[in-house]
Amino acid sequence: MSAPFEELAGLDKLIHEPARLAITTALAACERADFLFLQRLTGLSKGNLSAHLSKLEAGGLVEISKEFAGKHPRTWVGLTESGRRSVEAHWERLNDLQERSRAWAETHHAEP
């Protein structure tokens with residue numbers, strides 16, 4: 001069995017970047033969320049969150065829509081179907097790599 005650690009370099013970097021992983025994981029738990037909620041949840045600045053959302057949108061993982069609540073604009077973000085599948089597959093791969101890493105460590109007598 002080869003070391004599963006080598007596969008970490010092949011993870012989807014669009015999703016795996018920590019801020020984007022936080023954003024997509026939060027969005028996977030709901031249908032959509034508004035920008036300010038995501039900002040509070042992730043702790044990112046407006047500019048940083050906006051930049052990450054732009055990358056996710058360009059990659060086809062999220063859809064961004066703008067509405068007005070009275071005179072106040074409100075930005076909504078949701079995963080696309082493809083984005084939802086990609087996030088789910090990413091977490092499945094991470095979990096698989098974790099399990100395989102533990103098994104590898106046991107067979108190679110590595111200390112935890």
Side-chain angles (χ1 to χ4, degrees):
M1 170 177 15
S2 66
F5 314 103
E6 297 162 359
E7 294 180 42
L8 289 171
L11 290 173
D12 183 342
K13 289 173 181 43
L14 180 60
I15 295 174
H16 195 68
E17 191 285 327
R20 292 192 291 269
L21 186 58
I23 293 165
T24 56
T25 299
L27 291 172
C30 59
E31 187 175 326
R32 67 182 189 157
D34 79 340
F35 185 92
L36 294 177
F37 175 77
L38 285 174
Q39 185 184 9
R40 285 191 305 272
L41 188 66
T42 61
L44 296 170
S45 68
K46 286 182 182 181
N48 221 350
L49 178 57
S50 181
H52 285 297
L53 289 175
S54 291
K55 288 179 183 180
L56 291 168
E57 184 179 38
L61 299 178
V62 301
E63 293 176 324
I64 300 171
S65 61
K66 298 183 185 282
E67 300 173 357
F68 280 88
K71 294 184 180 184
H72 303 283
R74 194 165 183 190
T75 302
W76 289 96
V77 183
L79 289 174
T80 61
E81 284 303 314
S82 173
R84 196 166 294 280
R85 285 191 305 272
S86 295
V87 172
E88 185 177 323
H90 188 78
W91 276 108
E92 286 174 5
R93 186 164 183 204
L94 286 176
N95 289 330
D96 177 61
L97 286 171
Q98 181 182 37
E99 288 177 23
R100 290 176 41 223
S101 296
R102 287 181 179 148
W104 183 90
E106 288 174 10
T107 62
H108 290 82
H109 309 291
E111 301 233 356

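What's counted below: heavy atoms across the whole structure, side chains too, no hydrogens, waters or symmetry copies. Treat the numbers as computed from the prediction; the structure is a model and nothing was measured. Here, residue 1 is the first one in the sequence, and each next residue gets the next number.
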Quick one: does [X]'s side chain get under 4.5 Å of [Y]'s, heavy atoms only?
| X | Y | result |
| --- | --- | --- |
| V77 | I23 | no |
| L8 | H16 | no |
| L94 | L11 | yes |
| R100 | E7 | yes |
| L21 | I15 | yes |
| L38 | L27 | yes |

Legend entry - Neighbour count >12 (heavy atoms, 6.0 Å) for atom CD, E67: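 Yes, enclosed.
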
Legend entry - Residues, nucleotides or ligands: over 12 heavy atoms within 6.0 Å of K13 NZ: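 Above 12, so yes.
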
Inset, instruction - Could I get the full list of side chain to side chain contact (heavy atoms under 4.5 Å, CB included) partners for A51, not counting sequence neighbours? - result: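 Side chain to side chain contact (heavy atoms under 4.5 Å, CB included) list for A51, sorted by chain: empty.
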
Inset, instruction - Kindly write out the residues that satisfy side chain to side chain contact (heavy atoms under 4.5 Å, CB included) with E63, not counting sequence neighbours, or none if the list is empty. - result: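 For E63, the residues satisfying side chain to side chain contact (heavy atoms under 4.5 Å, CB included) (neighbours in sequence not counted) are T80.
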
Measure the spacing between [atom1] of [X] and [atom2] of [Y] and express it to the nearest 0.5 Å.
| X | Y | atom1 | atom2 | answer |
| --- | --- | --- | --- | --- |
| T75 | Q39 | OG1 | CD | 11.0 Å |
| H90 | T24 | NE2 | OG1 | 7.5 Å |
| E57 | S50 | CD | OG | 9.5 Å |
| R85 | L61 | CZ | CG | 10.5 Å |
| R74 | L36 | CZ | CG | 8.0 Å |

Looking at every non-hydrogen atom in both residues, tell me the closest pair between [X] and [Y] and how far apart they are.
| X | Y | answer |
| --- | --- | --- |
| S65 | R32 | OG-NH1, 4.1 Å |
| C30 | A26 | SG-O, 3.6 Å |
| G59 | L14 | CA-CD2, 3.9 Å |
| F35 | K46 | CZ-O, 3.5 Å |
| S82 | G60 | CB-O, 4.4 Å |

Legend entry - Joint hydrophobic cluster, L53 plus W76, side-chain heavy atoms closer than 4.5 Å: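 No: no chain of side-chain contacts under 4.5 Å links L53 to W76.
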
Legend entry - Test ring pair (Phe, Tyr, Trp, His ring centres under 6.0 Å) applied to H52 - qualifying residues, sequence neighbours left out: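 Residues passing ring pair (Phe, Tyr, Trp, His ring centres under 6.0 Å) with H52: none at all.
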
Inset, instruction - Would you confirm whether N95, through its side chain, and W91, through its main-chain N or O, come within 3.5 Å as a donor-acceptor pair? - result: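 Checked: pair present.
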
